[in-house]
Structure formats: C-alpha cells, structure tokens
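Notes for the one structure printed next.
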Amino acid sequence: MDDTEVVIAPVNLAARVDEALAVQAVAFGLDEGEVAVRRHIVLRHLLNPGARAYGATTPDDRLVGFVYGMPNDRTHWWSTIVEPYLRTEGNAEWLDDSFVITELHVHPRFQGRGVGRRLITTITDGSDLPKSILSAIDTESPARGLYRSLGYTDLARRVHFPSAPRPYAVMGAPLPLQRAAATRN
C-alpha cells in the first residue's frame with residue numbers, strides 16, 4: 001500500500017475505541033484484560049477539556065493508527081506519577097502549559113512509513129500550548145527515535161508506573177515540533 005493512501009484526520013475515538021485498542025494491542029502487546037482496562041481509561045480521558053484524537057485510516061476506512069492527547073493537568077493520575085521524577089531532575093515546570101500525548105500507536109504493518117510522525121505532528125500542530133510531553137518505554141526503540149527526531153528530549157528516566165513491568169522515560173519538546181524532511185518513522 002502506498003503511504004499516501006493512509007489519511008490522517010480527526011477521529012471520533014469514543015465511537016472507534018475498540019478498533020483503536022485492537023491496533024494498540026498488536027502494536028504494544030496487550031492481552032484481553034489489559035485492553036478491557038484501557039477501554040475505560042480512554043473513554044474517561046476523552047471527557048477531559050481539550051482532549052483531541054486523530055486517526056490514520058486506509059481507503060476502506062480501516063483504522064491503522066491513532067493518537068490522542070489533551071492539555072496536561074497536574075491533578076491527572078499520569079502527572080501525579082511523573083511529577084516526583086521530573087522534580088528530581090529539575091523539570092517539573094514541563095507539567096504546566098503542556099499538551100500531553102496520551103497514546104500514539106500504529107499497526108506494525110504500517111510502522112516505518114511516516115504514519116506515527118504524521119499523527120503526532122498533526123495533533124500537536126493544533127495545540128496553542130508552547131510545549132508537549134509524553135512517556136515512552138525507557139529503552140532505545142523506533143518510537144523513541146521518532147520522538148527525538150521531532151525535538152523531544154528526556155526529562156526523566158526510569159519512571160515506574162504502578163503495574164507497568166518496565167520503566168518509562170518522560171520526554172518533552174517545544175511546539176511546534178521539529179520537522180526532519182529526510183527521516184521517516
């Protein structure tokens with residue numbers, strides 16, 4: 001399939017939550033129990049002020065990737081977990097006036113084609129906030145390479161979320177994100 005056939009556009013994620021979680025399950029290796037828990041989390045997140053979602057769809061309207069995020073709020077669960085790690089590194093101010101990328105997943109058959117890059121730049125281009133933050137598994141991976149190519153840097157590493165078996169890194173970037181014309185992730 002030609003990359004140009006994948007369309008990035010706003011998506012009603014609440015209506016397509018099961019499709020999105022099927023992509024996340026394959027991309028992230030989730031089991032049925034984890035998908036069920038995340039379904040409720042996604043639907044709750046979408047009720048937050050400023051929450052937005054974009055999907056990557058094929059010509060037959062198959063969802064092959066998605067991103068969603070919202071303006072960060074220090075009272076949200078994620079912020080309360082990462083704040084002590086950011087504070088230790090002198091980076092707690094990143095929790096203020098930031099657009100948080102809550103989830104970004106692309107089906108493995110569509111990875112490496114620029115779909116993830118298009119999703120994250122599209123959603124952050126629509127933010128009027130000066131910076132963006134996210135968390136990613138704290139290992140060298142194509143996802144972390146993508147984030148670095150867009151200007152994200154490590155703000156805190158070895159961040160432990162309850163029930164997550166692996167540590168995460170919190171990354172931040174000024175908006176708008178950098179564009180690297182020759183790089184595709």
Side-chain angles (χ1 to χ4, degrees), residues 1-13 16-32 34-35 38-39 41-42 45 51-70 78 98-127 131-159 161 164-185:
M1 175 170 286
D2 184 353
D3 300 343
T4 60
E5 293 184 40
V6 174
V7 175
I8 307 300
V11 65
N12 179 345
L13 194 57
R16 297 186 79 166
V17 67
D18 294 321
E19 290 174 86
L21 289 173
V23 170
Q24 185 175 359
V26 173
F28 209 60
L30 302 179
D31 64 32
E32 287 182 28
E34 292 169 311
V35 168
R38 288 178 187 250
R39 185 177 198 282
I41 293 169
V42 170
H45 283 162
R52 296 193 320 275
Y54 285 82
T57 55
T58 60
D60 61 353
D61 200 39
R62 187 171 66 129
L63 191 69
V64 297
F66 73 97
V67 63
Y68 79 92
M70 66 198 83
W78 182 85
S98 291
F99 187 83
V100 63
I101 301 299
T102 309
E103 298 288 350
L104 169 61
H105 299 284
V106 176
H107 192 285
R109 286 192 298 240
F110 291 83
Q111 292 176 3
R113 300 181 184 189
V115 174
R117 175 181 302 279
R118 289 169 53 207
L119 283 165
I120 194 170
T121 56
T122 299
I123 197 168
T124 58
D125 282 352
S127 175
K131 55 197 173 196
S132 173
I133 53 176
L134 57 79
S135 56
I137 293 174
D138 194 1
T139 187
E140 292 311 310
S141 65
R144 297 246 299 148
L146 167 63
Y147 303 144
R148 283 193 193 97
S149 76
L150 294 168
Y152 285 90
T153 59
D154 291 339
L155 302 174
R157 299 204 50 202
R158 294 176 297 284
V159 174
F161 289 101
R166 297 184 281 182
Y168 280 70
V170 176
M171 303 178 78
L175 294 180
L177 295 176
Q178 295 176 6
R179 303 304 203 268
T183 306
R184 302 214 44 182
N185 289 80

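Excluded from the calculations below are hydrogen atoms, water molecules and symmetry mates; all remaining heavy atoms, backbone and side chain alike, are included. Everything quoted here is computed from the prediction, not taken from an experiment.
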Check whether any side-chain N or O of S135 sits under 3.5 Å from a backbone N or O of V170 as a donor-acceptor pair, and report yes or no.
no
Identify the two heavy atoms, one from Q111 and one from A27, that lie closest to each other, and give their separation to 0.1 Å.
NE2-CB, 4.1 Å
Would you check if N12 and R16 make a side-chain contact, meaning some heavy-atom pair closer than 4.5 Å?
no
Just how far is it from atom OG1 of T139 to atom CZ of R157, taken to the nearest 0.5 Å?
8.5 Å
Salt bridge or not for D138 and R166, using N-O below 4.0 Å?
no
If I compare all heavy atoms of L175 with all of S132, which pair ends up nearest, and what's the gap?
CD2-CB, 3.8 Å
Check L134 against W78 and note the closest heavy-atom contact, atom names and distance.
C-CZ2, 4.0 Å
Between F66 and Q24, is any pair of side-chain heavy atoms under 4.5 Å apart?
yes
Residue pair R144 / D154, side-chain heavy-atom distance below 4.5 Å
yes
With side chains defined as the heavy atoms from C-beta onward, is the minimum distance between I120 and Y152 less than 4.5 Å?
yes
Approximate separation, where rounding is to 0.5 Å, of I101 CD1 and M70 CE
10.0 Å
Do the non-hydrogen side-chain atoms of V64 and R109 ever get within less than 4.5 Å of each other?
no
Looking only at heavy atoms, the pair that brings G126 and R52 closest together is C-NH2, 3.5 Å
H107 side, atom NE2; R113 side, atom CZ - distance, nearest 0.5 Å
10.5 Å
Passes side-chain contact (heavy atoms from CB on, under 4.5 Å), T58 versus F110? Steps please.
CA-CA 10 Å; T58 60; F110 291 83; 4.0 Å; yes
Work out which heavy atom in V6 is nearest to a heavy atom in A56; give both atom names and the distance.
CG1-CB, 3.7 Å
Heavy-atom side-chain contact between V159 and F161 under 4.5 Å
yes
Identify whether the distance between the nearest side-chain nitrogen and carboxylate oxygen of E140 and R148 falls below 4.0 Å.
yes
Going from OG1 on T121 to CD on Q178, what distance comes out if it is rounded to the nearest 0.5 angstrom?
12.5 Å
Would you check, one step at a time, whether the test side-chain contact (heavy atoms from CB on, under 4.5 Å) holds for T122 with V67?
CA-CA 9 Å; T122 299; V67 63; over 6 Å; no
Any side-chain heavy atom of R117 within less than 4.5 Å of one from V115?
no
Distance, nearest 0.5 Å, that separates CG of L155 from CE of M171:
8.0 Å
Hey, does the side chain of S127 reach the backbone of T124 with a donor-acceptor pair shorter than 3.5 angstrom?
no
Are E103 and H45 side-chain neighbours, meaning at least one heavy-atom pair lies under 4.5 Å?
no
Compare every heavy atom of G55 with every heavy atom of L119, then report the nearest pair and how far apart it is.
CD2-C, 3.8 Å
Let me confirm one number: the OG1-CD1 distance from T102 to I123, rounded to the nearest 0.5 Å.
7.5 Å
